[in-house]
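Data block below; observations after.
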There are 2 protein chains.
Amino acid sequence: MPASKRDQLLATAERLFYEQGFHATGIDRIVAAAGVVRMTLYNHFASKEALVAAVLKARHERFIASLDAAMAVAPPGQATRALVDAHGRWLERYSQHGCIMAQAMGEFAEHSAEIHALATAAKADLLARIEAAVVRDGLVPHAGLARRLFMVLEGSNTAVVILGMQTALADTRAVTDALLAAARSETP
Amino acid sequence: MPASKRDQLLATAERLFYEQGFHATGIDRIVAAAGVVRMTLYNHFASKEALVAAVLKARHERFIASLDAAMAVAPPGQATRALVDAHGRWLERYSQHGCIMAQAMGEFAEHSAEIHALATAAKADLLARIEAAVVRDGLVPHAGLARRLFMVLEGSNTAVVILGMQTALADTRAVTDALLAAARSETP
DNA sequence: CTCCATCTAGATAGATCGGTCTATACAGGA
DNA sequence: TCCTGTATAGACCGATCTATCTAGATGGAG
């Protein structure tokens, strides 16, 4: 079963938005790269803004699903570590040039409240997943641990571009391991 | 002495680029907000791309100068900590909605090699300053410490938007203090 | 006073933008 | 067979984009 035109548009738009930015990517280039015609896009999406929102929503759902899948098979006490590793695998496969949600937040901050809120909610979702993992690992009494892990994972988004993928992932693991070890050693 | 037209343009463009993004900010809006005419802009800058480059260059020089000033007055052994604090003050004053360099990297990755290189170099400059501070504090044998501190500071850029300024700064300090304490305790 | 650099004012260029419209083709299901 | 939904092709719209041009105003330095 070949991908529907709508899926082709979503995949192509996601790639172009990520590689070239949102405002710098015109409708014409998207439909040309997707091999469809202009009206096909507007038949599936009300506007460019709606297309951007759909792209971000779909990408975020895939991201969250990969985190949840990793946590679901994590051994007891290893949920947080499994989540950090899953985040690293996501960077390796889909996010080598920075975070598309952060990019969207910047480009639409004063241009589309809906998209800005969507991207912000995606970040908040990641934080919530980290909090859930910390709770599952019994590390809940350590206030702020989830927030600090979140900050490190956010930093790794930029670090991969400057330090290179392998170095950034190794450093991410080192910092998160240190935070987790400290929290565990203080757990009653 | 009132600011020159060129300085007015730089300041106005920096504000609009930061608030609305680079591609979403047109020349007309910049000159109107700066209270000058379009030819004045093209008299001082060869193109919009040159204006963007000048804005980023000026902002980065101010950033680096504030880091160097903080390090210059830091007590012995406190250079790294002073640098982290200076970074936090910069976020509080000038960077409450994310990092403009990261935004520029995304918007110009496939659109202007010069600007992308400029933004990347700015990040590398921050990393170099952290390395210098670590060396000054005698923590050089700890491989990767500077990179890990860099990653945390990058993460705080996004964290301020999601967690709020005060929480993000407190968490940044907590993580960096932990990394520094661990490094110091292992220093021969 | 004169000269020169700067700034203003506004017209203009060509390209591209997001979005709409009509007419046509085609395939699958009732 | 006919109907409906989807896709194609391409013209078209007004707005906006970056950039250039000319002509005149202004003001400080020599």
Side-chain angles (χ1 to χ4, degrees), chain A residues 1-56 103-104 106-116 118, chain B residues 1-56 103-104 106-116 118:
Chain A
M1 178 172 76
S4 71
K5 301 287 182 183
R6 192 188 136 96
D7 289 343
Q8 290 177 38
L9 279 165
L10 279 175
T12 304
E14 180 178 342
R15 179 174 59 85
L16 293 179
F17 286 152
Y18 186 56
E19 291 174 356
Q20 316 188 9
F22 296 93
H23 285 93
T25 303
I27 294 290
D28 287 331
R29 251 172 304 182
I30 296 172
V31 298
V36 303
V37 99
R38 227 175 148 67
M39 273 309 293
T40 302
L41 187 151
Y42 283 103
N43 187 21
H44 288 291
F45 305 96
S47 63
K48 182 182 180 182
E49 185 179 340
L51 173 64
V52 171
V55 164
L56 294 183
Q103 195 68 26
E107 287 203 39
F108 294 99
E110 303 216 348
H111 200 263
S112 165
E114 178 200 350
I115 293 179
H116 185 263
L118 205 157
Chain B
M1 179 173 76
S4 70
K5 301 288 182 182
R6 192 188 136 95
D7 288 343
Q8 289 177 39
L9 280 166
L10 278 176
T12 304
E14 178 178 343
R15 179 174 59 84
L16 293 178
F17 286 151
Y18 186 56
E19 291 173 357
Q20 317 189 9
F22 296 93
H23 286 93
T25 303
I27 294 290
D28 286 333
R29 250 172 303 181
I30 295 171
V31 297
V36 302
V37 100
R38 187 165 37 241
M39 271 311 292
T40 302
L41 188 152
Y42 283 102
N43 187 22
H44 288 289
F45 305 97
S47 63
K48 182 183 180 181
E49 185 180 339
L51 173 63
V52 171
V55 164
L56 295 182
Q103 195 67 26
E107 288 203 39
F108 294 98
E110 302 218 348
H111 200 264
S112 166
E114 178 200 350
I115 293 178
H116 185 264
L118 206 156

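Values below: every heavy atom of this structure, side chains too, minus hydrogens, waters and symmetry copies. Per chain, numbering begins at 1; letters A, B, ... match sequence-line order.
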Quiz item: A:Arg29: what forms a side chain to side chain donor-acceptor pair (under 3.5 Å) with it, not counting sequence neighbours?
Solution: A:Gln20
Are there any protein N/O atoms within less than 3.5 Å of an N/O atom in nucleotides 23-25 of chain D, and if so, which ones and at what distance?
none

Quiz prompt | Closest listed nucleotide, where the reference is the side chain of B:Met39 and the choices are D:dT18, D:dT8, D:dT22 | solution = D:dT22
Self-check item: B:Leu9 and B:Ile30: CA distance, side-chain angles, deciding distance, side-chain contact (heavy atoms from CB on, under 4.5 Å) verdict
Solution: CA-CA 7 Å; B:Leu9 280 166; B:Ile30 295 171; 4.2 Å; yes
Exercise. Verify side-chain contact (heavy atoms from CB on, under 4.5 Å) between B:His111 and B:Glu49, making sure each step is shown before the conclusion.
Key: CA-CA 10 Å; B:His111 200 264; B:Glu49 185 180 339; over 6 Å; no
Quiz item: For C:dT6, does OP1 or OP2 lie under 4.0 Å from any side-chain N or O of B:Thr40?
Solution: no
Quiz item: Heavy atom of residues 41-52 of chain B under 4.0 Å from DNA chain D: which residues?
Solution: B:Tyr42, B:Ser47, B:Lys48
Quiz prompt | Residue-phosphate contact under 4.0 Å: B:Arg29 side-chain N/O, D:dC17 OP1/OP2 | solution = yes
Self-check item: Those residues that, when tested against A:Asp28, pass side chain to side chain donor-acceptor pair (under 3.5 Å) (two or more places apart)
Solution: A:Arg38
Quiz item: Tell me: CZ of B:Arg38 to C1' of C:dA11, nearest whole Å?
Solution: 10 Å
Self-check item: Given C:dT12, D:dT8, C:dT8, the nucleotide with the shortest approach to the side chain of B:Lys5
Solution: C:dT8
Quiz item: A:Phe22 and A:Lys48: side-chain contact (heavy atoms from CB on, under 4.5 Å), yes or no, with the steps?
Solution: CA-CA 10 Å; A:Phe22 296 93; A:Lys48 182 182 180 182; 5.6 Å; no
Quiz item: What residues, two or more places apart in sequence or in another chain, satisfy salt bridge (charged side-chain N to carboxylate O under 4.0 Å, His left out) together with B:Asp7?
Solution: none
Quiz prompt | Rounded distance (Å) that lies between atom P of D:dA15 and atom CG of B:Asp28 | solution = 15 Å
Quiz prompt | DNA chain C-proximal residues of residues 12-27 of chain B, any heavy atom under 4.0 Å | solution = none
